[in-house]
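The structure appears below as structure tokens.
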Amino acid sequence: MKSTILQAASRYLLPILLLFSIFLLLRGHYYPGGGFVGGLVASIAFVLHSFAHGTDNTMKILRYKPLSLIPAGLGIAALSMFLPVLFGQPVMTGLWINQPLPVIGMVGTALFFDLGVYLVVVGVVLTILFTISLNTH
Amino acid sequence: MTDILIAIISTIGALAILVASIGILRMPDFYLRLSVTVKAGTLGTGCLLACAAFMFDDVSVTTKTISIVFFLILTNPIGAHLIAKTAYHTKVEKWKGTHIDDLESINEKTETEAMDKQE
Amino acid sequence: MLLTILSGFLASILLIPFGRYLRFERGGFMALLPALLFLYLLSYIPVIGRGEVPFEHYEWVPSLAVNLDFKMDGLSLLFSLLITGIGTLIFLYAGSYMKGQAYADRFYGFLYLFMASMLGLVLSDNILLIFIFWELTSISSFFLIGFNNTDPASRKSALTALAVTGLGGFFLLTGMILMGNIAGTNSISKLTELAAAIRADNLYPLILSLVVAGAFTKSAQFPFHFWLPGAMKAPTPVSAYLHSATMVKAGVFLLARLSPVLGDTTAWSYTLMTAGGVTMLYAAVHSLLRTDLKGILAYSTISALGVLTFLIGLGTPEALTAAVTFTVVHALYKASLFLTTGIIDHETGTRDISGLSGLRKVLLPVFFAGILSALSSAGMPLLFGFVSKDLIYEATLHAEGQFAVFFTSIMVLTNLCLVAAGFMAGIRPFTGALPPEYSGLHLPHWQMWVPPLLLAICGLFFGVLPAIAGGSIVSPAVNAMTPEETEVHLKVWHGFNTVLALSVATLAAGTGLYFLNKPGIRKLRFAERFENLSPAAFSGRITAGFTRFSSWYTNIMHNGFLRSYILKIIIFAEILLAWELLGGGPVYINFDRLSSAGIYEIVNILILILAVVLTVTTSSRLTAVVAMSVVGYGICLMFVYYSAPDLAMTQFTIDTLTVVLFVFVLFNLPPFLNVANKKIMTRDAVVALAFGSILSITALKALQEPTETTVSKFYSDFAYTLAKGKNVVNVILVDFRGFDTMFEIVVLSIAALGVYSLIKLKLRPSEKE
Amino acid sequence: MTDNQIITPVIVHLFTAILQLVFWRKTVTQRILSITGCLIGFALSLNLFTKVLQGGILTMNAANWQPPFGIVFVADLLSSTLVLLTSVSALAVCIFSATGIARSRMLYGYFPIFHFLVMGLNGAFLTGDIFNQYVWFEVIIIASFVLLTLGGRKAQLEGAVKYMALNILASTFFLTGIALLYGITGTLNMADLSQKVPLVKDQSMVNLISVFFLTGFGIKAAVFPLYFWLPSSYHTPPSAVAAIFGGLLTKVGLYALFRFFTLVIVPDNTIRIILMGMAVLTILTGAFGAIIKNNIRRLFSYLIVCHIGFIIGGLGTYSKVAFAGAIFYLIHDIMVKTNMFLIAGLIRQLRGTMDMDRLGGLYAGYPKISLLIAIVLFSLTGVPPLSGFWPKILLFSAAFDTSNYAFIGSLVLGSFITLYVVARMWSKVFWKSAPEDPPPANNFDLLSPLKKTSLVLPVCILASSSLFIGLNAEFIARVADTISNEMIDTTPYIKAVLGK
Amino acid sequence: MELLLIFLIGILYAAGIYLMLRRSMVRLLLGIMLLGNGCNLLIFLLGNITKGKPPVIAEHAKTFTDIYADPVPQALILTAIVISFGLTSFAIVLLKRVYLLVNTDDLDGLNTPEEEDL
Amino acid sequence: MVRNLLMNILLSFIWVALTGSLYYSNFVFGFLAGFFILWVMNRNETDQRYFTKAPKTIGFIFYFLYEMIMANIQVAYDLITPKYFFKPGIVRYPMEARSDIEINLLSTIISLTPGTLIMDISEDKKSLYIHVMYLKDKDTFIAQIRNGFEKRLLEIMR
Amino acid sequence: MSLDLYFDYIIFPILSASVALTFIRLLKGPGIVDRVVALDLIITIGIALITVYSIRSEEPVFLDIAMIFALIAFLGTIAFAFYLDKRERK
Ligand code: NA
Ligand code: NA
């Protein structure tokens, strides 16, 4: 289904939604948000794009298969979970950089963990939806 | 002063929403319902968001409300447009009072073209 | 003793898998091991004679009171000598009998396995250890009966034998464990000391019936006897060894072994004597109706086992002496008869006695073996059988009061049939005219005819000099069973008395019966007419009925309809919950703990409920999806109202995505199935609403419980100070309970992979697994 | 005291799976990774097991938060034993999969999901937090869904729908129970719950909650009348998958039942009686089903159900001896049931079918493999002195101690029918001559020696484990005894977790 | 308010179960989703609901100064929601695949007779 | 033009930073002040678009709000009273807007006004099909849009 | 009359009534598009409710939820439109 209006709108909605998703991701530790919602919003951005332009075109923007985001995200999350072991701490213990960074605030393994969650969620949602839409239409 | 302003704006907003809901219930056909609801809804919500901005009197909240309104304005018409278009394509009935339909002729034309092509 | 047993196991473990690398023509050398063991065991005779009871103890599973306790008393010695002695001859015989057979190596392996298990069984002093070996004999028997595994009848017989003895085995196990539990020990020696307590226990009848059931199945007592004739499908050495001389006697052995523990009660005597009496008579009559040599022998074996059971049940020292003697006698002549039968079968290719005659002309030594054994079985004086028959009659005649006559008469009847049966098996094939087709027969390899002849000669030897057997073997064995010292003197001649008269009468009448009884197809038919009433047919009907019931039950329960499964599960939970609710007393509501409701909440909940109802009732799939989204969004608003912004966000996005997903998937689905059956719908509605109500009440009860907030307070207090976050929910998710989150994204990932494979993976036809 | 090595059996499978996702569609790499991962996992869990056996309960406070505030992982003897058995099964199955699984399935993520499943199992055994256990259960469920449907044959999907619906129902019961439990105690840590549950004012609430857990775990453990998903689905996936299912999936439910009803809530009489009734009926149901099935895997499925009854009966009897018996049986059962399905797969490789009527002649054709299989079959039937025999002594004893004759009767019947159907199967599959029109055989004989080994070696591994269990029954009995002690007296567990 | 919520939860469970007892696969799915929602609400309810006080620590504070909603049930529900999303999406796709094979929405069509086994 | 906008925003932030109070009124004041300064500074530049368009934009927003409220009132009145006064119809409206962004803005605005709804865009992106609630006369309506929203919009955009 | 009371007794009831009315349309249909539009309006009113609730409870945090609503609610509508269109074409 082609709609010029939707196509045009998705062109600026995509960056807005992506920006918004990063915003949600980064602020999760302080305000409502976090990796899940962030990831969901990001994937919705791409889903919207695929509605407007077709999944093939969205895949081109993504460049990599969304499936590959899953190991990436899992890896980041797992590593940030596992990193404390190298410092002799139990798995999952929070490690923090002492000084807060501007905008982001305190940076620690929790943030990387959330980033992993974010990537996995994007990978998962897009894999599911795009696989369906590419193989049934 | 602010309180009165807020009271007025919020009343407008709430009433607009009420209008929208009455509209969706009372309007005789789908297009008319859609026509009323999306805008009245957006207006009402916008007003209430404005109230929130006044109420909290905080840049972060104001930017938030502005962006919400912005998003609403951005997205609601698109949804409305798409569903209207679909409804038309799926031949959802128009009210009997609908007296002009420029789209009908266009669609018929494309349909016959498509049929020609098939043949 | 351990080594004695282990050697056999070792040999079998090596032979079964690796035997085929051991190329040999005749397996006669296999007899070396049993022979050595026999000789070694002979060395125990003087030891036992001195009244010593050698004992060995090795720890195995002390926690379960299963230890390798072995005891060599008279009974064990008797049986172990039989096992190894007859075993030697059987192996020798089999070496030729199985010549050229494929898998003969495996055959020896199983035979060794059997021999070792049997030795273990008779040497054990631990009831559970006995059971272990008991089961191993069943298993090895299974493999041996089914050795000709391409023959359906053979397989069926093996299965029947295993089923019957296996079932008995489980009864036995149960009885053994119960006995061990009551006494607090599994050692037979200790159990004997505690015998009085065991017999006095309330559970004694149960123990008795379980143990006896086990013994009866193994020893083919009526009504469990029917597997034994079928077991004759096994190669003849097996029939001779397992199903006449040794394994079937395991049950008898067990009864003998446990008679000091469980015996000497009316229940014990009645059970054993009834079963034994019925068995011996029933089987003896049956043996006359058979035409198949092995069939005759099988039924006469059953009958003999009945005699043994009967005698053990009788339980007097005389009866036990008779039993022990008869065990040896029977082992000797029955093994011999089986082996001669095997030779006949091997040479002529048939076992049907109606077609066999005059074979003495070609198989003379075999004839000698046959006639000697048959006469021994008939109780001809100067043969060992005579001695035992004397003892048996003596025992029955000395039974208490009015029973003596009754017991003696059934015993005479039985014996009379057995005489005839023995003659049919041991004499008939050899007498008369030789059919021309058998005139070219040759005597088989000496390894085949020497063993039966040797066994028969043994019978002659002990018949002439019974005191040798009596002093060295029978007496210690009897003494192992009786608490008091019993003097046993086996004599050829007791003088003229009732017993002698009975013996002679039996022999004469039996001989007469032999000449009168012409087994033929007509008699077989006659016997078959009663087949419907036989335990075999009965068990067949039970099996069939059981299978039908199983089939019916399984199909009712697991009927393929998901909704019926769910219904069963829900009803199950409902009944339990309702039960617990009713038991929990009245539910009260503490209104102080409840919060007020604003109009927007009430409206929200009402809409939610209506949306749920719409989801349930709508006949349009799309409407259901829309209604479902309303439910989701409504819940989302609840989350907002009750201070859960993160939840609201997530619920909302996920709900929206679910709609997208549904829409992606739905559009080429078939129409919504609407099968309306008012009755079923009402039933389901009642079940569902009942569950909902129960759940609501449960939730209400839970709400009354004061809230414990230590954990959530900890999170809230330290979210910022220790975990450096202010959104406590997020801090919980990525830190306090980060593990949940880590693996929930794994769940998501797997789901995505699953969807990917579900849609894209198409197996090639060649890919089966 | 917090010890990272508790979690290593979980982590190693997680990283293996992630690595395999990185090497998506590289089947050779995946196979190597899988076997390496399983070997390391085995070594780690063996290490954990010995540590726990010698030194007692170990705990790890995830993220360094004191229990009951953080998620705690606890390795007591029960969990470390199960983790060890899981590793053995996993190792065997992954070696078998290297040849036994179609390449297409590998291309679509068979191995990573397999490792996720094993990870989930280990996690479920090790966690000391009830909600975290829910998460592990979900990992297990979704991984098993995917493995069950992987390949998308009709039978697979049919089984999967039922499997899915009933398992989700089970999760719902579980989660409802957690909600109620949190509602009345405010905690999720099992040790903490153990202390707080007795303090609940309205004890009838506790009984109600236990029903939810009973139903939820009961479905997963496949007990009567909640077992339906099992015979609906176990005969459908590839045998390697069925092996891990048959060996471990229901066992996780059993584990949860044991853990929950010994540590968290001590069941009231009603629940015990119900458990006992369920046990008896489970045994009978399994036995009845097994008698009429002609397909090897359907037969095995019902045997699984039957033997679950044995174990549940041990729980229902609720005595130290009964626990020991049940745990011993559980240990034996994991090894044997995994192997049974591998054997089914092997037979399938040899003859291309699992229908007993169309099978035959294996004894003549593959004597050594047949004898190997015979050992397993005898272990299954509990022929002494193989592994299945010993626990029965304990179970019978325990049943006699409580005068539970229904249980004894069903144990006898169940054991007997197991023996019978297995012997019948032996007769039909191995003894009987191959039928005239054999189904097109998979070309086992054409496989390379390496591939043949990879199909037979796992059966050997598991068979020798069974032999080990049978012949070292004393060792296992001691382990089972220690575990049953842990169950009867939970103070060491609580002390190890909460430090008080 | 709690009473209303309890009522709603009961309805959600009842509706979920009722739908799962139907023959249609789509209804089965909807039932599962309703049950999931009911379960989440139950967790929420039993964590003691608090109005208008999200568990977010104020800008300049280090801990809560006011009452706040219990964050634990929220975290649990979040996990549960995400998990059920994973399961649901897989189930939805499974439903589609099943349809492609058997061409019906009818669960009763999912009983291949035993002879057609693998 | 963009440079000026950015500059203006920057100035308002500086103002906020200087005063140290982060309330929106302060920001708005900073913005106005910045606008004034920029306007003063740029009086001699050739590109004056920013300074005409900024007020026009604000004017447009108010115009839009006014229209929206009026239209809403009209609909509301119609709804509350039992009788319907509307005469719906679908009209083809030939646009002057050409670029995607212009079309989008126009259609959004038309959509947001009660009584009008974009049904479709022609393939050549030259005309809109608008569903109109109170369609007394087609040409009047087209003229109304052309001289109202579209003209004002294009003034700002171009 | 304070603003709080005004919200409680005027604004909230109006909004609630609106949701209820809209929901009636959703129940009635008749077409699926009507339901979709009703759903869309319900979400919009939801945003309004959240806004008012945020004002009432003095928690700007809730506005974040409204923001997400505003941004992605229309995706559902688009999906339905997409679906109906696809179905029509078939
Ligand atoms: Na979050
Ligand atoms: Na952390």
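Naming convention: chains lettered A, B, ... in sequence-line order (proteins, then strands); numbering from 1 in each chain.
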For this session: Could you grab the distance from atom OG1 of C:Thr656 to atom CZ of G:Phe69, nearest 0.5 Å is fine?
Result: 8.0 Å
Problem set entry | Part of G:Ile65 lying under 4.5 Å from any heavy atom of chain C | both
Exercise. When you measure from the side chain of G:Asp34 to the backbone N and O of G:Gly31, does any donor-acceptor pair fall under 3.5 Å?
Worked result: yes
Problem set entry | Residue, of C:Ile599, C:Val659, C:Val640, C:Val603, that accumulates the most heavy atom pairs under 4.5 Å with chain G | C:Val640
Exercise. Rounded to the nearest 0.5 Å, how far does OH of G:Tyr9 lie from CD1 of G:Ile14?
Worked result: 15.0 Å
Exercise. Would you call G:Leu63 and G:Ile50 a side-chain contact if the rule is heavy atoms closer than 4.5 Å?
Worked result: no
Problem set entry | Portion of G:Ile68 that has a non-hydrogen atom of chain C nearer than 4.5 angstrom | both
For this session: Tell me, for C:Tyr600 versus chain G, whether the close heavy atoms (under 4.5 Å) come from the side chain, the backbone, both or neither.
Result: both
Exercise. Taking atom NZ of C:Lys679 as the centre, does the number of heavy atoms from other residues, nucleotides or ligands within less than 6.0 Å exceed 12?
Worked result: no
Exercise. For residues 680-695 of chain C, which residue pairs qualify under salt bridge (Lys or Arg N to Asp or Glu O under 4.0 Å), counting only residues two or more places apart or in two chains?
Worked result: C:Asp684-E:Arg22
Problem set entry | Side-chain heavy-atom pair C:Lys701, C:Leu581 within 4.5 angstrom cut-off | yes
Exercise. Quick one: what part of C:Leu614 sits under 4.5 Å from any heavy atom of chain G, side chain, backbone, both or neither?
Worked result: side chain
For this session: Taking atom NZ of C:Lys713 as the centre, report whether more than 12 heavy atoms of other residues, nucleotides or ligands fall under 6.0 Å from it.
Result: no
Exercise. When rounded to the nearest 0.5 angstrom, what distance separates CD1 in C:Ile571 from CD1 in C:Ile566?
Worked result: 12.0 Å
Exercise. By a 4.5 Å heavy-atom criterion (distance strictly below it), what part of C:Thr653 contacts chain G: side chain, backbone, both, or neither?
Worked result: both
Problem set entry | For chain C, the option from G:Leu27, G:Leu71, G:Val61 that forms the most heavy-atom pairs under 4.5 Å | G:Leu27
For this session: Can you tell me which residue pairs pass the salt bridge (Lys or Arg N to Asp or Glu O under 4.0 Å) test with a partner in residues 600-615 of chain C, sequence neighbours excluded?
Result: C:Glu601-E:Lys51
Exercise. Between G:Ile72 and chain C, which part of the residue has a heavy atom less than 4.5 Å away: side chain, backbone, both or neither?
Worked result: both
Exercise. So, C:Glu705 and C:Thr707: side-chain donor and acceptor under 3.5 Å apart, yes or no?
Worked result: no
Exercise. Are C:Asn604 and G:Leu49 close enough that some pair of their side-chain heavy atoms sits under 4.5 Å apart?
Worked result: no
Exercise. How would you list, in number order, the residues of residues 52-60 of chain G that have a heavy atom less than 4.5 Å from chain C?
Worked result: G:Tyr53
Seminar exercise, completed: One option among G:Asp8, G:Ile43, G:Ile42 has the most heavy-atom pairs under 4.5 Å with chain C, and it is G:Ile43
Exercise. Chain G heavy atoms under 4.5 Å from C:Phe639: which part of the residue, side chain, backbone, both or neither?
Worked result: neither
Seminar exercise, completed: Okay, G:Ala38 and chain C: the region with an atom under 4.5 Å from a heavy atom over there is neither
Exercise. What residue, out of C:Val625, C:Val630, C:Leu657, has the most heavy-atom pairs lying under 4.5 Å from chain G?
Worked result: C:Val630
For this session: Tabulate, in ascending numerical order, the residues of residues 750-757 of chain C having at least one heavy atom closer than 4.5 Å to a heavy atom of chain G, or enter 'none'.
Result: none
Problem set entry | Distance-only polar pair, side chains of C:Asn730 and C:Asp646, donor-acceptor under 3.5 Å | no
For this session: Could you tell me if the ring centre of C:Tyr565 sits under 6.0 Å from that of C:Phe561?
Result: no
Problem set entry | Residues C:Asp655 and C:Ser629: side-chain donor-acceptor under 3.5 angstrom | no
Problem set entry | Side chain, backbone, both or neither of C:Leu610 within contact of chain G (heavy atoms, under 4.5 Å) | both
Exercise. With no hydrogens and no angle check, is any side-chain donor or acceptor of C:Ser564 less than 3.5 Å from a backbone partner on C:Gly560?
Worked result: no
